[in-house]
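First listed ligand is number 1; within each ligand, the first listed atom is number 1.
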Amino acid sequence: MADSAQAQKLVYLVTGGCGFLGEHVVRMLLQREPRLGELRVFDRHLGPWLEELKTGPVRVTAIQGDVTEAHEVAAAVAGAHVVIHTAGLVDVFGRASPETIHEVNVQGTRNVIEACVQTGTQFLVYTSSMEVVGPNTKGHPFYRGNEDTLYEAVHRHPYPCSKALAERLVLEANGREVHGGLPLVTCALRPTGIYGEGHQIMRDFYRQGLRLGGWLFRAIPASVEHGRVYVGNVAWMHVLAARELERRAALMGGQVYFCYDGSPYKSYEDFNMEFLGPCGLQLVGARPLLPYWVLVFVAALNALLQWLLRPLVLYAPLLNPYTLAVANTTFTVSTDKAQRHFGYEPLFSWEDSRTRTILWVQAAGSSAQ
Ligand SMILES: NC(=O)C1=CN([C@@H]2O[C@H](COP(=O)(O)OP(=O)(O)OC[C@H]3O[C@@H](n4cnc5c(N)ncnc54)[C@H](O)[C@@H]3O)[C@@H](O)[C@H]2O)C=CC1
Ligand SMILES: CC(C)[C@@H](O)CC[C@@H](C)[C@H]1CC[C@H]2[C@@H]3[C@H](O)CC4=CC(=O)CC[C@]4(C)[C@H]3CC[C@]12C
């Protein structure tokens, strides 16, 4: 993007733009990216809400497409100045096959990179994940670590494996020559557990609590810290990284950044209660009500049932060996790398993030009645 970018209106492409995070990125770009001339929203499933965005000054182009189809990606990328690649299969519940997860998350990312190179798009921001780092299969805690913390990243599950490989592809692509002779500049953002308006797992917990008469039962010790970050701040970090990637290419190119904000360090269940409590639910037990080995047994039983029932019906409960292991292992980040490298500061305070999420849960829950 030459110096004339200040006058020149830019074309952004957001893949996965109709997802939980993607929608917030789309709306944040429209609200806070003054250079935006056209916003392309690429997703396998387009949301009806996109129509309301087409009445503003920015041209919003909805593209129904599949990142595993290289030609569809190339057509969407052609002419874009910036690509924010959030599309992915976020599946740790066994809903999709390992092959499908790899095809979408790895081959889909490879297709985005090659499309940038072939069509001359210079700037690519990739939505990676904390799971690229951990928790590892050995259950080692990652306690308030940062991007430089030494940690044995060992994965077996298809999802973290796919995210780690995709991130590596993006970072290795930094500096490749794109069509026109300029270098590709890439970076990867690693959110921890994202929460906020549109978080389906939070909605599922709320509905589960309503079905159980307002009670949720503690399964994980309160001492196990699990990093969480508000979706609006994750979206803001994407917008800012995309904006600064040109000016600070030498510093940011090929770098990874954890996504962080002022959200408190709590266990996954206690953190959820920050929102579910004000919505009328109560978490039973100061400590787990069941011994860990019982949870391990139930998780294994769920995995066996999923395998047995697969030919007939998809059985994909929240509790499986992987989700239990992740929930039961401390993983929190404490870093300021994004602040140092591109001036990121959370846009939403913890109090504001909490209020917005509570209001959404209440609305989502009432629609469930
Ligand atoms: N939800 C979370 O806690 C975290 C998510 N992430 C990452 O953030 C990104 C977005 O995640 P979420 O918004 O939570 O997931 P999501 O499932 O709500 O959104 C993903 C979007 O990608 C689209 N998509 C999936 N396969 C596609 C394909 N083949 N072609 C085109 N579009 C496709 C989906 O239709 C969906 O709109 C993912 O890359 C995920 O790995 C990273 C850390 C935490
Ligand atoms: C049933 C209980 C054990 C309950 O506490 C299980 C919670 C479990 C569904 C979640 C606990 C940790 C979550 C994951 C974590 O936030 C990291 C993630 C990063 C991503 O990139 C995608 C989502 C996820 C894997 C997230 C998924 C839900 C949990 C496993």
Point-to-point distance, once rounded to the nearest 0.5 Å, from CZ of R248 to CZ of F342: 9.0 Å

Min N/O separation G22 to ligand 1 under 3.5 Å: no

Close approach, N105 and ligand 1, non-hydrogen under 4.0 angstrom: no

Atom 13 (C) of ligand 2 touched by protein heavy atom at under 4.0 Å: yes

Side chain to side chain donor-acceptor pair (under 3.5 Å) partner of Y257, the single match among H341, Q339, K337, R190: H341

CE-SG distance between M252 and C187, expressed to the nearest 0.5 angstrom: 4.5 Å

Closest approach of A87 to V67 (non-hydrogen atoms, all atoms of both residues): CB-CG1, 4.0 Å

E131, any N or O under 3.5 Å of ligand 2 N or O: no

Gap separating the CG atom of L305 from the CG atom of N320, nearest 0.5 angstrom: 12.5 Å

Side chain, backbone, both or neither: the part of M130 lying under 4.0 Å from ligand 2 by heavy atom: side chain

Within-shell test, L89 vs ligand 1, heavy atom, strictly < 4.0 Å: no

Nearest protein heavy atom under 4.0 Å from atom 22 (C) of ligand 2, yes or no: yes

Residue S129 vicinity, atoms of ligand 2 by number, heavy atom under 4.0 Å: 19 (C), 20 (C), 21 (O)

Top protein contact for atom 27 (C) of ligand 1, by heavy-atom distance: R44 NE, 3.9 Å

Gap separating the CG atom of N111 from the OG1 atom of T15, nearest 0.5 angstrom: 11.0 Å

Ligand 1 to G19 polar contact by distance, N or O atoms, under 3.5 Å: yes

Atoms in ligand 1 flagged as close to G65, the criterion being non-hydrogen separation under 4.0 Å: 30 (N), 31 (C)

Residue portion contacting ligand 1 (non-hydrogen atoms closer than 4.0 Å) for D66: both

Proximity to ligand 1 by part of Q200, non-hydrogen separation under 4.0 Å: neither

Contact partition for T15 relative to ligand 1, non-hydrogen atoms under 4.0 Å: neither

N-O pairing of E52 and R27 below 4.0 Å: yes

Residue-ligand contact C18/ligand 1, heavy atom below 4.0 Å: yes

Numbered atoms of ligand 1 (with element) below 4.0 Å of T192, judged on heavy atoms: 43 (C), 44 (C)

Aromatic plane relationship, Y230 with Y195 - under 30° parallel, 30 to 60° tilted, over 60° perpendicular: tilted

Mode of I194 contact toward ligand 2 - side chain, backbone, both, neither (heavy atoms, under 4.0 Å): neither

Centroid separation F331 to H226 less than 6.0 Å: no

Nearest-0.5 Å distance, CG of residue L21 to OG1 of residue T86: 5.5 Å

Region of Y159 engaging ligand 2 - heavy atom pairs below 4.0 Å: side chain

Under 3.5 Å: N/O of D43 near N/O of ligand 1: yes

Ligand 1 versus V104: contacting region, heavy-atom distance under 4.0 Å: side chain

Contact with ligand 1 for G198, non-hydrogen, under 4.0 angstrom: no

Side chain, backbone, both or neither: the part of H226 lying under 4.0 Å from ligand 2 by heavy atom: side chain

Numbered atoms of ligand 1 (with element) below 4.0 Å of G16, judged on heavy atoms: 21 (C), 22 (O)

Whether F271 and F275 hold their rings parallel, tilted or perpendicular, with breakpoints at 30° and 60°: perpendicular

Heteroatom distance test (Y159, ligand 1): nitrogen or oxygen, under 3.5 angstrom: yes

Geometric cation-pi criterion, R356 with F348: 6.0 Å, 45°: no

Worked check of salt bridge (charged side-chain N to carboxylate O under 4.0 Å, His left out) between E274 and K266: CA-CA 10 Å; E274 287 285 345; K266 291 194 170 200; 2.6 Å; yes

Ligand-residue contact atoms, ligand 1 with T127, heavy atoms, under 4.0 Å: 7 (C), 8 (O), 9 (C), 39 (O)

Heavy-atom side-chain contact between M202 and L276 under 4.5 Å: yes

Distance (rounded to the nearest 0.5 Å) between E167 CD and T186 OG1: 10.0 Å

N/O separation below 3.5 Å, M130 to ligand 1: no

Contacting atoms of ligand 2, where contact means under 4.0 angstrom from a heavy atom of I201: 28 (C)

pair F123-V83: side-chain heavy atoms closer than 4.5 Å: no

